[in-house]
Visitor: 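Mind looking over this structure? Questions follow.
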Amino acid sequence: MNKILLLLLLAGLAAGCGQEDPNSPSALRKALFKQMLKESEKLSGMLRGRLTFNEMEFAHGASHLAELSGAPWQHFPPPESQEKSSNARQAVWQQQARFAELARTLEMAADQLQQASAQKPLSKEALSAPMQRVELACKACHQEFRRF
């Protein structure tokens, strides 16, 4: 009985060792990126007809996305730390100017989407181009700086 309890305890400890600290820079930025993805997918879904288009929800979502778009960058540690457990390529630290440029492009695209969503009445046609710029900004950064 004691051996079984000891084995269960050791298995539990081993399982817990692989978990990421929720307050680590990597976990914080992952959480922010997940929020951005969720918001972006909702907005995109409304524009593409997968979800019912709701002006108020869209404007709120665009505002939230613009707010989130500036948040993850502070959670990329300085180059000397170069995290080992990250989906980011080493280029994030080696090409910081380019990384910052793409981050700003996303922030500007999200701000433009928010501004477009403030023009009432909202139309899917007027929001499609700003939403596409947000999606392209995300894709560009992922292509250069994210491991898949």
Side-chain angles (χ1 to χ4, degrees), residues 9-148:
L9 180 61
L10 289 174
L13 288 173
C17 290
Q19 293 182 358
E20 187 172 31
D21 174 5
N23 294 314
S24 72
S26 178
L28 292 170
R29 68 177 181 260
K30 283 179 188 177
L32 288 164
F33 283 135
K34 283 180 183 180
Q35 288 177 32
M36 289 170 60
L37 178 62
K38 182 179 177 183
E39 202 66 69
S40 179
E41 286 179 340
K42 181 178 79 174
L43 298 174
S44 177
M46 281 191 226
L47 293 179
R48 292 186 174 98
R50 291 188 308 269
L51 300 172
T52 303
F53 183 77
N54 178 300
E55 281 191 27
M56 200 162 94
E57 281 184 37
F58 192 95
H60 177 73
S63 179
H64 189 224
L65 183 61
E67 178 185 317
L68 289 169
S69 71
W73 321 118
Q74 66 185 322
H75 299 294
F76 280 89
E80 57 273 5
S81 73
Q82 294 189 13
E83 296 176 344
K84 304 291 187 267
S85 63
S86 174
N87 286 334
R89 294 181 180 153
Q90 290 301 310
V92 167
W93 291 274
Q94 296 164 350
Q95 300 172 19
Q96 287 193 322
R98 177 66 177 151
F99 184 66
E101 176 186 346
L102 290 175
R104 297 306 154 251
T105 300
L106 172 62
E107 289 177 39
M108 288 188 299
D111 285 343
Q112 290 170 354
L113 179 63
Q114 179 184 15
Q115 291 168 10
S117 72
Q119 307 298 317
K120 306 295 187 229
L122 294 184
S123 74
K124 291 181 184 182
E125 295 76 27
L127 297 168
S128 290
M131 186 69 219
Q132 185 175 22
R133 284 191 289 276
V134 168
E135 291 168 340
L136 289 173
C138 290
K139 183 178 180 179
C141 194
H142 280 216
Q143 286 177 330
E144 286 190 47
F145 293 107
R146 186 170 192 256
R147 285 186 284 197
F148 293 96

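Computation of the quantities below employed the complete heavy-atom set of this structure, encompassing side-chain atoms and omitting hydrogens, waters and symmetry-equivalent molecules.
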Visitor: How long is the gap from CD on Q143 to SG on C138, to the nearest 0.5 Å?
Guide: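 It is 11.5 Å, given to the nearest 0.5 Å.
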Visitor: Please enumerate all residues that pass salt bridge (charged side-chain N to carboxylate O under 4.0 Å, His left out) together with R98, with sequence neighbours excluded.
Guide: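 For R98 the salt bridge (charged side-chain N to carboxylate O under 4.0 Å, His left out) partners, ignoring immediate neighbours, are E101, E144.
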Visitor: To the nearest 0.5 angstrom, please state how far the NZ atom of K139 sits from the CZ atom of R146.
Guide: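 The NZ atom of K139 sits 14.5 Å away from the CZ atom of R146.
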Visitor: Short question: side chain of Q74, backbone of A71 - any donor-acceptor pair under 3.5 Å?
Guide: yes
Visitor: Grab the two heavy atoms, one from L102 and one from F145, that are nearest each other, plus how far apart they are.
Guide: CD1-CE1, 3.6 Å
Visitor: Which value, rounded to the nearest 0.5 Å, describes the distance between E55 atom CD and M46 atom CE?
Guide: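 E55 CD to M46 CE: 11.0 Å, rounded to 0.5 Å.
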Visitor: Taking NZ in K120 as the centre, count heavy atoms belonging to other residues, nucleotides or ligands within less than 6.0 Å. Is the count above 12?
Guide: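 Counting neighbours around NZ of K120, more than 12 heavy atoms of other residues, nucleotides or ligands fall under 6.0 Å, so yes.
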Visitor: How far does CG of L37 sit from CG of L65, to the nearest 0.5 angstrom?
Guide: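 One finds 10.0 Å between CG of L37 and CG of L65.
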Visitor: With a 3.5 Å distance limit and no angle check, can you tell me whether S69 reaches the backbone of A66 through a side-chain donor-acceptor pair?
Guide: yes
Visitor: May I ask you to check whether over 12 heavy atoms, not counting those of Q132, lie within 6.0 Å of atom CD?
Guide: no
Visitor: Less than 6.0 Å separating the ring centroids of F99 and W73?
Guide: yes
Visitor: Does the S117 side chain pair with the main chain of Q114, one donor and one acceptor, at a distance under 3.5 Å?
Guide: yes
Visitor: Does the side-chain contact (heavy atoms from CB on, under 4.5 Å) test come out yes or no for L43 and V134, once each step is laid out?
Guide: CA-CA 11 Å; L43 298 174; V134 168; over 6 Å; no
Visitor: Check L113 against L127 and note the closest heavy-atom contact, atom names and distance.
Guide: CD1-O, 4.1 Å
Visitor: Should the ring pair F53 and F58 be called parallel, tilted or perpendicular, given that the plane angle runs from 0 to 90° and is split at 30 and 60?
Guide: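 The arrangement is tilted - the two ring planes meet at 30° to 60°.
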Visitor: Surrounding NZ of K38 (heavy atoms of other residues, nucleotides or ligands, distance under 6.0 Å), is the total greater than 12?
Guide: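 No.
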Visitor: For E135 and M131, what are the C-alpha separation, side-chain angles and deciding distance, and is it a side-chain contact (heavy atoms from CB on, under 4.5 Å)?
Guide: CA-CA 6 Å; E135 291 168 340; M131 186 69 219; 4.0 Å; yes
Visitor: When you compare the side chain of F76 with that of Q96, does any pair of heavy atoms fall below 4.5 Å?
Guide: no
Visitor: Atom CD in E107, atom CG in L68: separation rounded to 0.5 Å?
Guide: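 Reported to 0.5 Å precision, the distance equals 11.0 Å.
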Visitor: Which value, rounded to the nearest 0.5 Å, describes the distance between K42 atom NZ and H60 atom NE2?
Guide: 6.0 Å
Visitor: Using only atom types and a distance under 3.5 Å, with no angle test, would you say the side chain of R29 pairs donor to acceptor with the backbone of H75?
Guide: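 Present.
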Visitor: Working note: E57 + L51, criterion side-chain contact (heavy atoms from CB on, under 4.5 Å); need CA distance, chi angles, decisive distance, verdict.
Guide: CA-CA 11 Å; E57 281 184 37; L51 300 172; over 6 Å; no
Visitor: Quick one: are L106 and M36 in side-chain contact, heavy atoms under 4.5 Å?
Guide: yes
